[in-house]
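Here the structure comes first, spelled out in structure tokens, and everything after it is commentary.
Hydrogens, waters and symmetry mates play no part in the numbers below; they use all other heavy atoms, side chains included. Just so you know, ligand 1 is whichever comes first in the structure, and atom 1 is the first atom listed for that ligand.
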Amino acid sequence: MPEPGHFVVVGASLAGLRACEGLRTGGFNGRITLVGAEQHVPYDRPPLSKKVLQGEWELDRIALRSAEALKELELELRLGVPAAALELSPAGRGGTVTLADGMSIVGEAVIIATGSRPRTLRHQPSGAHVLRTIEDSMALRGEFAAGDRRVCLIGAGFIGLEAAAAARMAGNEVTVLEALPAPMLRAFGPAVGAAMAAVHEDEGVDIRCGVTVEAFTDSGVLLNGGELVAADVILVGIGAEPVVDWLAGSGLTLGDGVVVDEMLRAAPGVFAAGDVARWPNGQFGGEQMRIEHWTNAAEQGAHAAGNVLAGFNGVPLTPYRSVPFVWSDQYRHRIQYVGHSSAHDDVVIAVGTPQARKFVALYQRDGRLRAAAGLNLPRLVMRHRKLIAEGAAFADALVLAGEQADSLRP
Ligand SMILES: Cc1cc2nc3c(=O)[nH]c(=O)nc-3n(C[C@H](O)[C@H](O)[C@H](O)COP(=O)(O)OP(=O)(O)OC[C@H]3O[C@@H](n4cnc5c(N)ncnc54)[C@H](O)[C@@H]3O)c2cc1C
């Protein structure tokens with residue numbers, strides 16, 4: 001098979017960068033074009049809702065790689081111009097990416113890493129903030145820094161709650177609106193969701209669950225019951241959607257993400273990684289997942305690169321299987337979650353208590369450990385990643401957790 005000459009990676013953030021690095025560490029010396037819609041070189045998003053938003057870090061802290069490290073990768077960077085279309089190669093290997101400025105780039109393999117973007121509400125006013133990019137974070141930071149604003153956060157997911165913490169820490173008056181009966185209910189369930197709400201109530205945040213937004217007015221947010229929540233600053237943090245519109249007409253299967261197989265392959269020589277990829281996770285019986293976590297984007301970017309090279313080297317591709325992991329920092333608290341559960345799974349607070357603001361909750365389905373969520377017990381939570389990967393019985397996980405609880409007692 002002839003040596004491949006040119007690979008194209010679309011999306012210049014975490015998954016795209018890791019894909020480029022994976023191609024180089026895997027021994028590929030040919031051309032790599034990295035296309036990015038943003039002007040910036042790849043940067044880290046988690047600090048945008050934490051240290052950057054709190055004004056503790058400046059932007060020089062969040063570059064994912066130094067200028068020298070990027071240079072060593074010898075990438076052809078096309079930043080500030082989005083890919084507008086993908087045409088699959090009729091020869092069945094890779095395709096042609098057309099950029100919004102009309103330029104066409106032929107890649108013998110294409111890795112799609114276009115991530116996700118904030119969902120918006122109907123009638124969302126242009127003055128309402130979202131939080132995804134450097135520009136979003138800096139705009140919000142400017143508002144929070146005043147310290148005397150009435151801040152209304154719509155959506156009590158990770159973004160809304162981290163922003164609530166940043167706004168409150170700066171002294172603003174903060175209200176969080178959530179349509180479901182508790183924060184982060186779908187992933188965490190009611191008990192852990194209530195514990196998350198309590199963390200914010202401790203700090204003086206008004207958390208209002210079970211309310212929906214009817215309309216925006218000049219003076220704030222109108223709820224469905226007719227109440228007006230007065231607000232100077234509004235952030236809509238109601239989740240994200242995969243960026244796939246540029247792939248319409250490509251022939252790839254799209255459906256809440258780029259649908260890929262276990263190998264992260266969307267078509268011959270076309271792979272997807274990170275927030276944009278929906279894949280069957282063999283770790284959870286092939287359940288279809290699209291995960292919006294940092295670790296997933298990093299791992300999948302590298303994995304897709306490995307499979308691109310495997311395809312060219314004639315060796316078998318490997319499936320991507322994982323136990324998802326996400327963390328969140330709010331005030332002085334560290335929240336972690338490993339695994340994959342839904343609100344229907346049984347949950348037991350296995351170590352500590354929500355009242356002590358220190359606990360680990362375990363989730364089960366069909367007698368197996370599915371997930372663990374924890375507040376301020378980082379090492380204990382992480383031990384469960386391995387147990388979930390091993391398919392541990394829930395009963396065994398509870399016994400182990402009990403032993404861990406004993407070791408926590410003074
Ligand atoms: C504020 C914030 C805080 C977060 N905090 C945490 C956290 O604490 N823990 C955690 O685990 N995860 C966190 N995450 C999630 C984590 O950052 C994401 O999962 C990760 O960034 C996904 O990486 P990605 O490369 O797949 O996509 P993205 O980071 O979304 O990057 C996709 C890139 O592709 C570009 N792009 C889009 N369309 C095109 C196109 N047509 N052509 C070219 N380029 C395009 C985008 O502009 C973007 O730069 C946070 C996310 C945000 C926004």
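Protein heavy atom nearest atom 31 (O) of ligand 1, with residue, atom name and distance: Ser13 CB, 2.9 Å. Here the heavy atom of the protein found nearest to atom 46 (C) of ligand 1 is Glu38 OE2, 4.0 Å. For atom 27 (O) of ligand 1, the closest non-hydrogen atom on the protein side is Gly115 CA, 3.2 Å. Nearest protein heavy-atom neighbour of atom 43 (C) of ligand 1: Ala37 N, 3.4 Å. The protein heavy atom nearest to atom 3 (C) of ligand 1 is Ser49 OG, 3.2 Å. In terms of protein heavy-atom proximity, atom 39 (C) of ligand 1 is nearest to Thr114 CG2, 3.4 Å. Counting protein heavy atoms only, atom 48 (C) of ligand 1 is closest to Arg45 NH2, 3.3 Å. Among all protein heavy atoms, the one lying closest to atom 35 (C) of ligand 1 is Gly11 CA, 4.1 Å.
Without hydrogens or angle criteria, Asn172 side chain to Val151 main chain gives no donor-acceptor distance under 3.5 Å. Checked by atom type and distance alone, the side chain of Arg368 pairs as donor or acceptor with a backbone atom of Gly391 at under 3.5 Å. Listed for the Arg24 side chain is a donor-acceptor partner under 3.5 Å among the backbone atoms of Leu73. Proximity of a side-chain donor or acceptor of Glu203 to a complementary backbone N or O of Val205 within less than 3.5 Å is not detected. Between the Arg45 side chain and the Leu14 main chain, no donor and acceptor come within less than 3.5 Å of each other. Not a single donor-acceptor pair under 3.5 Å links the side chain of Ser137 to the backbone N or O of Thr133. Checking side-chain atoms of Arg141 against main-chain N and O of Val52 turns up a donor-acceptor pair under 3.5 Å.
Between Asp329 and Arg334, at least one side-chain N (NZ, or NE/NH1/NH2) sits under 4.0 Å from a carboxylate O, which counts as a salt bridge. Arg61 and Asp44 are not joined by a salt bridge, as no carboxylate oxygen comes within less than 4.0 angstrom of a charged side-chain nitrogen.
With ligand atoms numbered from 1 in the order given, ligand 1 contributes 37 (C), 38 (N) to contacts under 4.0 Å with heavy atoms of Val243. Those atoms of ligand 1 that come under 4.0 Å of a heavy atom in Gly36, given as number and element, are 43 (C), 44 (N). Of all atoms in ligand 1, numbered sequentially from 1 with element shown, those under 4.0 Å from a heavy atom of Val10 are 42 (N), 43 (C). Atoms of ligand 1 found under 4.0 Å from any heavy atom of Ser116 (numbered from 1 in listed order, with element): 30 (O). For ligand 1, the atoms sitting less than 4.0 Å from at least one non-hydrogen atom of Gly274 are 26 (O), numbered in the order shown with element in parentheses. Less than 4.0 angstrom separates some heavy atom of Ala113 from each of these atoms of ligand 1: 32 (C), 33 (C), 34 (O).
Distances from atom 15 (C) of ligand 1 to the heavy atoms of Glu292, Lys50, Gln330 put Glu292 nearest. The option with the heavy atom closest to atom 50 (C) of ligand 1, from among Gly16, Pro46, Ala15, is Pro46. Closest heavy-atom approach to atom 23 (O) of ligand 1 within the set Pro82, Ala297, Pro47, Ala83: this belongs to Ala297.
Atom CD1 of Ile111 sits about 8.5 Å away from atom CD1 of Ile32, to the nearest 0.5 Å.
Counting heavy atoms closer than 4.0 Å to ligand 1, residue Trp294 contributes atoms from both its backbone and its side chain. At a 4.0 Å heavy-atom cut-off, ligand 1 does not touch Asn296 at all. At a 4.0 Å heavy-atom cut-off, ligand 1 does not touch Phe158 at all. With a heavy-atom cut-off of 4.0 Å, Ile159 touches ligand 1 through its side chain alone.
Taking the centre of each ring, Tyr320 and Phe271 stay at or above the 6.0 Å mark. Checked against a 6.0 Å centroid threshold, the rings of Tyr337 and Phe325 do not count as neighbours.
If you run salt bridge (Lys or Arg N to Asp or Glu O under 4.0 Å) between Glu241 and each of Arg132, Arg117, Arg290, only Arg117 comes through.
Checked against a 3.5 angstrom limit, the closest N/O atoms of Asp275 and ligand 1 fall inside it.
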